[in-house]
Amino acid sequence: MERKHEPAPPPSTEIQIGVNSRRGNSNVVHPVEVDTPRVLSSPSPVIYTEVKHFKKWVPWIIPTFVIANIAMFIITMYVNDCPKNSVSCIARFLGRLSFQPFKENPLLGPSSTTLQKMGALDVKKVVDRHQGWRLVTCNWLHGGVFHLLANMLSLLVIGVRLEQEFGFVKIGLLYVISGFGGSLLSALFIQLNISVGASGALFGLLGGMLSELITNWSIYSNKVAAFTTLLVIIVINLAVGILPHVDNFAHIGGFLSGFFLGFVFLIRPQFGWVSQRYTPHGYTPASAKSKFKTYQCILWIISLVIIIVGFTIGLIMLLRGVDANDHCSWCHYLSCIPTARWSCNTEPASCLSSQMGNQLNLTCTTNGKSSFYILSGDTNSQIQGLCTQLCR
C-alpha cells in the first residue's frame with residue numbers, strides 16, 4: 001500500500017516523500033522502501049529527497065548464516081565418519097560424509113555422539129562441566145539433511161526480507177539472541193536428551209515480525225489481515241512442535257525472545273517526525289512531532305526489562321541445576337502431547353552389553369529387545385549407535 005506524505009512547502013518549492021509499505025502476497029513480511037520518483041507536471045521545481053529511515057538494505061548476514069550452517073553440517077558429517085564407526089551407512093559412496101543408518105537417524109545425518117562432540121546442547125555438560133558455550137553452538141548444528149534444508153529455506157524466506165528492511169546489525173542480533181533464548185528455555189525443561197538446530201532463532205524472527213507489526217501499527221493500512229495471517233503462521237509452526245522428538249521449548253523460547261526484542265530493535269519513527277526531517281530549509285511545520293509515539297516508548301522499556309530479567313533468572317536457574325518441570329507439572333505438554341500413535345518418552349537409550357572378542361550382545365533396558373552384533377572400528381561409538389538403533 002503506497003503512502004505519501006506531502007507537507008506544505010514554500011510556494012516556490014514542492015517536496016515529495018514516497019514510502020512503500022507492503023507485505024508481499026502473504027501480508028506478513030514488511031519491507032518499507034522509497035518509491036522511484038515520478039515526474040509531476042508542475043511549473044515549480046520538484047525536489048526529491050531520499051528517506052533514509054525506510055531505505056532498503058543489501059542483505060548479506062542472513063546468506064552468511066545459511067552458508068555457516070551448511071558448512072558446519074559438512075564438517076559434522078566429516079567428523080562423524082560413518083564407515084569407520086557404524087556397521088552400515090546410507091549413501092556409502094560419499095565416504096566419510098555418508099549418513100548414519102536410517103533407524104538410528106531418520107533425518108539423514110550424524111550420530112548423537114558426534115553431535116555431542118561438536119557442541120550440541122547437553123544440560124549435564126553445561127551444568128556439571130561449565131560448558132555454557134553449548135547454548136550458542138547448538139544453534140549452528142543440525143540433526144540431518146532434512147532438518148537443515150527445512151531450517152535454511154525458512155531462514156532465507158523470512159530473514160532476507162527482514163534484513164532488507166532493518167539491516168544486518170538488528171537482524172543479526174535478533175537471530176543470535178533469540179537462538180540463545182530458545183536454548184536457555186530448552187535446557188530448563190529438556191534435560192535428558194541433546195538438542196540441536198536453528199529453529200529457536202527462526203522462531204525469534206517470527207516473534208520479531210509480530211512485535212514489529214504491533215509497535216509500528218500506524219504505518220500499515222491492512223493491519224487486521226496482516227496480523228491474522230502472521231498469527232496463523234506462528235500458531236501452525238508452534239503446533240508442529242507437539243510432535244515427539246521436536247524441541248518445542250526451543251521454539252517457544254526463541255519466539256518469546258524475538259517477540260520482546262522486536263519492540264527494542266525494530267521500532268520505527270512515526271511519519272510526522274520523518275517528514276519534518278525532509279522539509280525544505282527554512283520551512284517550519286505547524287507542530288513539532290516526536291520521533292516515537294508514547295506507546296512505542298512504553299513497549300520499548302517494558303520489553304528491554306523483560307529480556308534482561310528473564311535471561312538473568314533463566315541462567316541462574318540453569319547453572320544451579322534447576323529442573324523447571326519440578327515447578328510446572330503440565331509444561332511438558334507444550335513440547336509433546338502423547339497419543340495412541342506415538343509416545344513422548346524422551347529417556348535416552350540405555351543398554352546392557354556383553355562382549356566376547358568382536359561379538360557384542362546388547363539388551364535395551366527400555367523395551368527389552370536384544371541382539372548380537374559384529375564390531376569394527378571405534379567400539380564405543382559403535383555401541384552407542386547400536387544401542388540407539390535397538391531402543392527405537
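Reckoned from all heavy atoms, side chains included, excluding hydrogens, waters and symmetry mates.
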Is it the case that one hydrophobic cluster holds both W133 and I177, taking links as side-chain heavy atoms less than 4.5 Å apart, direct or via other members? no

For residues D247 and S195, report the shortest heavy-atom separation together with the two atoms involved. OD2-OG, 2.7 Å

Interatomic distance, Q116 atom CD to R134 atom CZ [nearest 0.5 angstrom]: 7.0 Å

Check: N85 side chain, N80 main-chain N or O, donor-acceptor pair, under 3.5 Å: yes

Does the side chain of S111 pick up a donor-acceptor pair with the side chain of N105 at under 3.5 Å? no

Check: S303 side chain, L299 main-chain N or O, donor-acceptor pair, under 3.5 Å: yes

To the nearest 0.5 Å, how far apart are CG in L121 and CD in Q191? 10.0 Å

Carefully, step by step, assess L266 and I171 under the rule side chain to side chain contact (heavy atoms under 4.5 Å, CB included). CA-CA 9 Å; L266 309 185; I171 300 306; 4.2 Å; yes

Looking at every heavy atom in both A91 and S98, which two are closest together, and how far apart are they? O-CB, 3.2 Å

Separation of L185 CG from I252 CD1 (nearest 0.5 Å): 7.0 Å

According to a hydrophobic-cluster definition based on side-chain heavy atoms being under 4.5 Å apart (Ile, Leu, Val, Met, Phe, Trp, Tyr only), do V305 and I308 belong together? yes

Is the closest side-chain heavy-atom distance between V169 and F265 below 4.5 Å? no

Mind jotting down which residue pairs meet the side chain to side chain donor-acceptor pair (under 3.5 Å) criterion with at least one end in residues 148-158? Sequence neighbours excluded, please. H142-N151, H147-N151, N151-S199

Shortest non-hydrogen contact from L334 toward I242: O-CG2, 4.1 Å

Side chain to side chain, V322 and I316, heavy atoms closer than 4.5 Å: no

Can you spot which of T114, T76, L148 makes a side chain to side chain contact (heavy atoms under 4.5 Å, CB included) with L141? T76

Listing request: all ring pair (Phe, Tyr, Trp, His ring centres under 6.0 Å) pairs with a residue in residues 303-336, at least two apart in sequence or in separate chains. F180-F311

Are I302 and L213 connected into the same hydrophobic cluster when the rule is that any two of I, L, V, M, F, W, Y join if their side-chain heavy atoms are below 4.5 Å apart? yes

Taking all heavy atoms of C82 and all of F99, pick out the closest pair and write down the distance. SG-O, 3.3 Å

Is any side-chain heavy atom of V240 closer than 4.5 Å to a side-chain heavy atom of V246? no

Check whether any side-chain heavy atom of T215 lies under 4.5 Å from a side-chain heavy atom of W300, and answer yes or no. no

Flag yes if more than 12 heavy atoms outside Y295 fall under 6.0 Å of its OH atom; otherwise flag no. yes

Please verify the inter-ring angle class for F263 with F259; under 30° counts as parallel, over 60° as perpendicular, anything in between as tilted. perpendicular

Between the main-chain N or O of R268 and the side-chain N or O of Q296, is there a donor-acceptor pair closer than 3.5 Å? yes

Under a 4.5 Å cut-off applied to non-hydrogen side-chain atoms, are F73 and M77 in contact? yes

Please verify the inter-ring angle class for W60 with F168; under 30° counts as parallel, over 60° as perpendicular, anything in between as tilted. tilted

Treating Ile, Leu, Val, Met, Phe, Trp and Tyr as nodes and any side-chain heavy-atom pair under 4.5 angstrom as an edge, say whether F93 and L97 lie in one connected cluster. yes

Verdict with reasoning, I75 to M118, per side chain to side chain contact (heavy atoms under 4.5 Å, CB included): CA-CA 9 Å; I75 294 172; M118 295 298 294; 3.9 Å; yes

Quick check: is L319 connected to M317 through a chain of hydrophobic side chains (ILVMFWY, heavy atoms under 4.5 Å apart)? no

For the pair T229 (side chain) and A226 (backbone), establish whether a donor and an acceptor sit closer than 3.5 Å, ignoring hydrogens and angles. no

Check whether any side-chain heavy atom of L162 lies under 4.5 Å from a side-chain heavy atom of M209, and answer yes or no. yes

Can you check whether N237 reaches L202 side chain to side chain, under 4.5 Å on heavy atoms? no

Shortest non-hydrogen pair, V127 vs L318, comes out as CG2-O, 3.2 Å

Measuring from I236:CD1 to L231:CG, what's the distance to the nearest 0.5 Å? 10.5 Å

Quick one: closest heavy-atom pair of F189 and D323, and the distance? O-OD1, 4.5 Å

Value rounded to 0.5 Å, distance of CG in L210 from CD1 in I233: 11.0 Å

Less than 4.5 Å apart, side chain to side chain, heavy atoms only: is that true for L155 and Y175? yes

Working to the nearest 0.5 Å, report the span between CD of E163 and OG1 of T64. 8.0 Å

Look only at the side chain of S186 and the backbone of A250, and say whether a donor-acceptor pair between them is shorter than 3.5 Å. no

